[in-house]
Each structure stands twice: as structure tokens, then as C-alpha cells.
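A quick write-up on the structure given underneath.
Start at 1 and go down the list; that is how both ligands and their atoms are numbered. Everything numeric in this text was worked out from a predicted model, so none of it was measured. This chain uses plain numbering: 1 for the first residue, then up along the sequence.
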Amino acid sequence: MAARRDFTRESLAAGVRAGDRRALARAITLVENSDRLAYDVVRDLYPETGRAYGVGVTGPPGVGKSTLISSIVRHVRELDRSVGVITVDPSSPFSHGALLGDRIRLADHFLDPEVFIRSMGSRGHLGGLAEATLQALLILDAAGKELVFLETVGTGQGEVEVIGIADTVVLALMPGSGDSIQALKAGIMEIPDVIAINKMDHPAAKTMLNEVRSVLSLDSERAWKPPIVLTEASRGENVPELWEQVEQHRAWLESDGLLEERRRENLAREVFAVASARAKQHLERAVADDAELRRLLEQVQRRELDPLTAVREILDEVFKLSGA
Ligand SMILES: Nc1nc2c(ncn2[C@@H]2O[C@H](COP(=O)(O)OP(=O)(O)OP(=O)(O)O)[C@@H](O)[C@H]2O)c(=O)[nH]1
Ligand SMILES: [Mg+2]
């Protein structure tokens with residue numbers, strides 16, 4: 001594409017630093033395409049990152065995550081903070097711009113030059129969505145956005161690697177999010193930092209509040225007790241209170257160097273998650289492309305070769321690991 005040539009490594013990095021929307025949009029598109037130029041630019045910008053505060057918003061489909069983010073953005077814009085929003089939809093193949101629902105929900109902010117909003121689907125991404133999210137976050141961080149929101153749908157573990165990089169994780173629930181309560185109770189879902197029970201206009205909101213409280217009370221050892229806030233995102237009800245809890249969590253992390261510690265852990269985990277995703281994809285491709293390796297799988301299926309011998313031969317061949 002000829003248009004892609006109008007940015008060089010230097011001009012793209014400079015554009016991102018200046019917070020130029022066109023440069024930001026291009027850089028994130030290049031990230032989505034696993035383009036070498038994006039890799040180089042993030043590499044150049046990385047030493048300047050670490051200033052943005054990342055807020056992850058997760059929760060089941062349709063609970064109002066985008067609406068909540070939109071309301072929070074309205075609130076923090078009144079406080080004059082600059083904002084980036086990345087919404088990640090693993091179920092959507094679309095990319096390059098906003099998904100329809102997000103576009104409607106977040107439309108209020110499209111004209112605000114201090115707000116940059118981008119949606120990403122599951123297309124491409126050598127290292128999976130974790131890689132694309134991480135790179136996009138770093139770009140918005142380098143662009144000087146003070147707050148970056150990461151939205152992803154989730155009721156279990158898959159979203160962890162996407163928002164695992166966030167400094168504060170908000171779990172959004174609504175009356176009827178029983179599966180999430182079960183997942184929290186069973187320890188399948190990590191305890192978030194702040195819980196929003198959205199759609200408080202719904203008659204069952206109080207019941208939900210009690211259920212969440214009782215699940216959290218099972219875990220009384222925790223140094224940070226996740227606050228629970230009832231919200232009505234569509235009207236902005238209690239959104240300042242929710243934001244206040246995010247700020248409280250931030251203040252708590254910032255005391256005693258906890259934020260530094262959390263970021264170190266998050267970064268190490270993200271690197272590991274991306275490396276694992278890439279290794280898995282490499283392995284899958286290698287086996288698909290190699291008749292010899294596929295034959296090993298068939299031999300296992302016919303019980304001519306035991307599974308671990310096949311594993312060993314595949315790993316030896318693909319990763320040159322000996323004695324694994
Ligand atoms: N009654 C009520 N409806 C709400 C509230 N907040 C959001 N909604 C509506 O709930 C629907 C889903 O809202 P979204 O913000 O798109 O939810 P989401 O969690 O981002 O959805 P996905 O990204 O598709 O998982 C929309 O029709 C919203 O208008 C609320 O507080 N009360
Ligand atoms: Mg959404």
C-alpha cells in the first residue's frame with residue numbers, strides 16, 4: 001500500500017510522541033499487522049513509556065463496559081486528563097478502527113482531540129491479542145495519554161493476558177452475572193481491584209451486590225479489599241464514585257512502591273505470555289507444514305509411538321531442544 005510509505009520510522013515515532021492522531025492510528029494498524037515498522041517504533045519509544053496509568057475493564061458480554069468507559073472518560077475529561085481507550089474483542093475478526101457497538105457507545109468522544117479510541121479484533125497478531133494490546137498501550141503511553149483504558153470481554157481466564165498489563169482492573173457485572181460469581185468463587189477468575197455492579201436501575205441489582213459481597217468475604221486475608229460500586233453507566237450514575245475507587249486503588253499501589261512491583265510483575269508476565277503465544281503458533285505452523293511431523297502424530301494415533309516420544313521428536317525438530 002503506497003499510503004504506508006508516508007511514515008518513516010523517525011517520523012512515525014515523532015508523530016506518536018506528539019500525540020498526532022494520524023500517527024497513532026497508523027502505528028496501531030501496523031501493530032495489528034505485526035509490521036516491522038511498528039516493532040521498530042515501539043522499540044524506539046519504549047524507554048519513554050511507563051507514565052500512563054492503565055485501567056483494565058473486563059466483564060461478561062453486554063454488562064455495559066463500553067458505556068462505563070464512555071462515562072468515566074466524560075468524567076476524567078472534566079478533570080482535564082488525556083485519555084486513550086483500547087477495546088479488544090476476541091470474538092470479532094474486525095480491526096482497523098472501532099467495532100460498531102463501541103463506535104456508538106464511545107461516539108461522544110470522537111471529536112475530543114485529547115481522547116484516542118481504538119478497537120482491535122482477533123485478526124493476525126503473531127503473539128495473539130496480548131501482543132497487540134501491549135504494543136498499542138505502549139504507543140498511547142508514549143503519546144502522553146495519562147490514562148489508558150483497556151476493555152475486554154471475559155468471564156474467566158482468557159482475558160487475563162490482555163488486561164494483565166493494567167495497573168488497576170475493574171470487573172463490571174450486572175444483575176444476572178451469576179456465571180462470573182461462580183467463577184470468582186471457584187477461583188477461576190482472579191479477584192479484581194474494583195467491582196462495578198452496573199445497571200443498578202435493574203431490580204435485582206441489590207441481590208447481586210449481596211452475592212458479590214459474600215464471595216469477597218470468603219477471602220478476608222487480602223491486603224486490598226476490592227470496593228464494590230453500584231453504577232448506572234448509561235446515565236453516568238455513580239460513575240464519579242467508581243472513578244474515586246480506581247484513584248484510591250492507585251494511591252494505595254503508589255504507597256510503599258507497590259505500583260513498581262506490580263508493573264515489574266505485569267511486564268514479566270506479558271513477555272512470557274507473548275513469547276508463549278508466538279512459540280505455540282510457530283509450533284502449530286511447523287507441524288502443519290511438515291509431513292514428517294504430522295506422521296509422528298499419526299503414529300501416536302495408531303499406537304505405534306508413545307505420546308512423549310512424539311513430543312520429544314517434535315520439540316527437537318521445531319525448537320532444536322535436545323534432551324527435553
Ligand atoms: N438499563 C441499563 N442499561 C445499560 C446500562 N449501562 C449500559 N446499558 C446498556 O447495555 C447495553 C450494553 O452496553 P455496552 O456498554 O455495549 O456493554 P459492553 O459490556 O461493552 O458489551 P460488549 O462489549 O459487547 O461485551 C447497551 O444497550 C447499553 O445502553 C445501565 O446502567 N442500565
Ligand atoms: Mg463493549
Answer yes or no: does an N/O atom from [X] fall short of 3.5 Å to an N/O atom of ligand 1?
| X | result |
| --- | --- |
| Gly64 | yes |
| Leu68 | no |
| Met200 | no |
| Gly62 | yes |

Any donor-acceptor N/O pair, Thr8 side chain to Ser11 backbone, under 3.5 Å: yes
Arg235 side-chain N/O to Asp201 backbone N/O, donor-acceptor pair under 3.5 Å: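 Looks like no, no N/O pair under 3.5 Å.
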Any luck finding a side-chain donor-acceptor pair between Arg118 and Thr29 under 3.5 Å?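 Looking only at side-chain atoms, Thr29 and Arg118 do form a donor-acceptor pair, the distance falling under 3.5 Å.
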Give the atoms of ligand 1, by number and element, whose distance to some non-hydrogen atom of [X] is under 4.0 Å.
| X | result |
| --- | --- |
| Thr67 | 7 (C), 13 (O), 14 (P), 15 (O), 28 (C) |
| Glu232 | 30 (C), 31 (O), 32 (N) |
| Ser66 | 15 (O), 18 (P), 20 (O) |

Who gets closest to atom 25 (O) of ligand 1 by heavy atom: Lys65, Glu237, His202?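 The nearest heavy atom belongs to Lys65.
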Closest candidate by heavy atom, reference atom 30 (C) of ligand 1, pool Pro175, Pro61, Ala172, Ser234: Ser234
Please say yes or no: joined through hydrophobic side-chain contacts below 4.5 Å, possibly via intermediate residues, are Leu267 and Ile139 part of one cluster?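 Yes, Leu267 connects to Ile139 through the hydrophobic network.
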Do Val271 and Leu129 land in one hydrophobic cluster if side-chain heavy atoms of ILVMFWY residues count as linked below 4.5 Å?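 Unlinked, Val271 and Leu129 end up in two clusters.
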State, yes or no, whether a side-chain contact exists between Val57 and Leu150 at a heavy-atom distance under 4.5 Å.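 The answer is no; the side chains never approach within 4.5 Å.
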Taking 2.8 Å as the cut-off, does Thr87 contribute an N, O or S atom near the Mg ion (ligand 2), distance below it? no
Check all N, O or S atoms of Glu151 and name the one closest to the Mg ion (ligand 2). OE2
Examine the proximity of ligand 1 to Glu151 and report which part, side chain or backbone, both or neither, has a heavy atom under 4.0 Å away. side chain
Apply the test side chain to side chain contact (heavy atoms under 4.5 Å, CB included) to residues Tyr53 and Leu253: give CA-CA distance (whole Å), side-chain angles for both, the deciding distance (0.1 Å), then the verdict. CA-CA 12 Å; Tyr53 195 82; Leu253 282 180; 3.6 Å; yes
Could you please spell out the steps behind the side chain to side chain contact (heavy atoms under 4.5 Å, CB included) verdict for Val246 and Val170? CA-CA 8 Å; Val246 173; Val170 178; 3.9 Å; yes
